[in-house]
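Below is one structure, written out as structure tokens; comments come after it.
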Amino acid sequence: MAQPAAAHEHVTVSQADGILEIRIQRPERKNALTHGMYDAITRALVTADTDPAVRVALITGTDDCFTAGNDMVEFLKDPPKGDDSPVMRFLAQLLAQEKPLVAAVNGPAVGVGTTLLLHCDLVYCARSAKLQMPFVSLGLCPEAGASMLLPMIMGHPRAAELLMLSETFSGEEAVALGIANAVYEDGEYLAEARRQAARLAAQPPASVRLTKAFLRGPTRDAVAAHMKLEGDTFLERLSSPEAREAMTAFMEKRKPDFSRFS
């Protein structure tokens, strides 16, 4: 497999046989995402869309983890500001992606590690996958259009449970809920995801792109508007007293105290 120049020290990109593979590799921090890592992944996705030799992109993590979500230390010290921040550009690219995107998920998939899957076309999980969207527990709000897309996929009651109670759920549950396609053993999930990506790469490319556009088209503008609303509110919430208490408690490894908030 050809190895393009590394996009980032914690994001590796390789390309072969029409597949551009993006690997999140920061195992010492459970692949927690920094601003620089978001930029690198976004560049890779843009490359996948603009390089005629690429027909499908695949995103995955390390042997024991997909991603623990945002790097909390960096988010506390240097929170994203506005639509041009790396995380917001990444989310916008997910929505704009024209070529198919496949995800191979194992271990923790937290926050954006779960919501980005809502914008993938095929998702394959390992049995070890543990997905969670703890935005409310962190004093924040959903992002990436999750508060619109999840009820559309699974109905309001289950979506409310996952978002409001920050429930952790397995790969098997992700399949049952309509977020993932299949679950495989930990030693097999990545090979299966690559196999399906290869099948996509062998399909007529223009037909694949058109079909993706038609699948996403009916809700695309509404999802974009909702993502904008969520994103603006998310950025505001980062400096809220509730979020500061939640994230400080997380860093101090203690239980947050929300009793003083109304």
Side-chain angles (χ1 to χ4, degrees), residues 7-8 10-11 13 20 22 24 26 31-50 57-61 66-72 74-75 78-103 105 108-123 131-136 138-153 159 162-163 179-180 212-213 215-217 219-239 243:
H8 185 276
H10 298 307
V11 178
V13 181
L20 186 140
I22 305 163
I24 306 167
R26 195 188 179 199
N31 298 337
L33 297 164
T34 63
H35 299 321
M37 292 168 71
Y38 276 121
D39 275 338
I41 298 169
T42 301
R43 287 197 303 271
L45 290 173
V46 170
T47 296
D49 254 6
T50 56
L58 186 151
I59 186 166
T60 191
F66 186 56
T67 172
N70 294 315
D71 184 304
M72 297 301 253
E74 186 182 66
F75 261 54
D78 184 22
K81 304 173 183 69
D83 293 342
D84 197 43
S85 60
V87 62
M88 294 305 174
R89 289 198 302 269
F90 166 69
L91 295 177
Q93 182 58 37
L94 282 178
L95 185 64
Q97 199 75 15
E98 294 181 2
K99 294 179 185 177
L101 178 60
V102 179
V105 182
V110 182
V112 70
T114 292
T115 59
L116 76 85
L117 304 179
L118 303 176
H119 299 276
C120 293
D121 301 289
L122 300 174
V123 177
L131 298 85
Q132 186 185 24
M133 295 170 285
F135 304 113
V136 168
L138 292 172
L140 301 171
C141 70
E143 39 91 300
S147 60
M148 177 181 179
L149 294 170
L150 286 171
M152 289 169 55
I153 293 168
L162 295 182
L163 290 173
I179 296 175
K212 173 168 179 166
L215 284 167
R216 301 281 181 174
T219 59
R220 184 186 179 111
D221 290 346
V223 171
H226 199 75
M227 285 177 66
K228 170 65 174 170
L229 176 62
E230 283 182 341
D232 289 347
T233 306
F234 188 97
L235 295 177
E236 292 173 3
R237 294 294 301 170
L238 281 171
S239 59

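Quantities reported herein were computed from a predicted structural model and do not represent experimental measurements.
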[X] side, atom [atom1]; [Y] side, atom [atom2] - distance, nearest 0.5 Å:
X: Glu98; Y: Leu45; atom1: CD; atom2: CG; answer: 12.5 Å
X: Gln132; Y: Thr114; atom1: CD; atom2: OG1; answer: 8.0 Å
X: Ile59; Y: Leu117; atom1: CD1; atom2: CG; answer: 9.0 Å
X: Thr60; Y: Ile24; atom1: OG1; atom2: CD1; answer: 8.0 Å
X: Leu118; Y: Met133; atom1: CG; atom2: CE; answer: 7.0 Å

For [X] against [Y], the heavy-atom pair lying closest together:
X: Leu91; Y: Ala144; answer: CD2-CB, 3.8 Å
X: Val112; Y: Gly69; answer: CG1-CA, 4.2 Å
X: Thr67; Y: Gly113; answer: CG2-CA, 3.5 Å
X: Leu20; Y: Ala44; answer: CD2-O, 3.8 Å
X: Val136; Y: Leu163; answer: CG2-O, 3.4 Å
X: Pro134; Y: Gly111; answer: CD-N, 3.7 Å

Keeping [X] on the side-chain end and [Y] on the backbone end, is there a donor-acceptor pair under 3.5 Å?
X: Asn31; Y: Phe66; answer: yes
X: Glu143; Y: Phe234; answer: no
X: Arg237; Y: Gly139; answer: yes
X: Lys99; Y: Ala48; answer: yes

Does anything in residues 109-118 pair up under salt bridge (Lys or Arg N to Asp or Glu O under 4.0 Å), and if so which pairs, sequence neighbours excluded?
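For residues 109-118: none.
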
For the residue pair [X] and [Y], establish whether any side-chain heavy-atom pair is separated by less than 4.5 Å.
X: Val13; Y: Thr47; answer: no
X: Leu235; Y: Pro80; answer: yes
X: Met148; Y: Glu230; answer: no
X: Leu101; Y: Leu94; answer: yes
X: Asp49; Y: Gln93; answer: yes
X: Val102; Y: Asp121; answer: no
X: Thr115; Y: Leu150; answer: no
X: His226; Y: Ser147; answer: yes

Salt bridge (Lys or Arg N to Asp or Glu O under 4.0 Å) for Asp232 and Lys228? Distances and angles first, verdict last.
CA-CA 6 Å; Asp232 289 347; Lys228 170 65 174 170; 3.2 Å; yes

Between Asp39 and His8, does the side chain to side chain contact (heavy atoms under 4.5 Å, CB included) criterion hold? Intermediate values first, please.
CA-CA 9 Å; Asp39 275 338; His8 185 276; over 6 Å; no

Just to verify, what does Tyr38 make a ring-ring contact (aromatic ring centres under 6.0 Å, His included) with, not counting sequence neighbours?
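Listed in chain order: Phe90.
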
My understanding is that only residues two or more places apart in sequence, or in another chain, count here; which of them pass ring-ring contact (aromatic ring centres under 6.0 Å, His included) with Phe75?
His35

Please step through side chain to side chain contact (heavy atoms under 4.5 Å, CB included) for the pair Thr34 and His10, ending with a clear verdict.
CA-CA 9 Å; Thr34 63; His10 298 307; 5.7 Å; no

Side chain to side chain contact (heavy atoms under 4.5 Å, CB included) between Glu74 and Met37: does it pass, once the steps are laid out?
CA-CA 12 Å; Glu74 186 182 66; Met37 292 168 71; over 6 Å; no

How far apart are the C-alpha atoms of Leu131 and Leu162, what are their side-chain angles, what is the distance that settles it, and do they pass the side chain to side chain contact (heavy atoms under 4.5 Å, CB included) test?
CA-CA 10 Å; Leu131 298 85; Leu162 295 182; over 6 Å; no

Pair Lys81 + Asp78: basic N to acidic O under 4.0 Å:
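Asp78 and Lys81: salt-bridged.
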
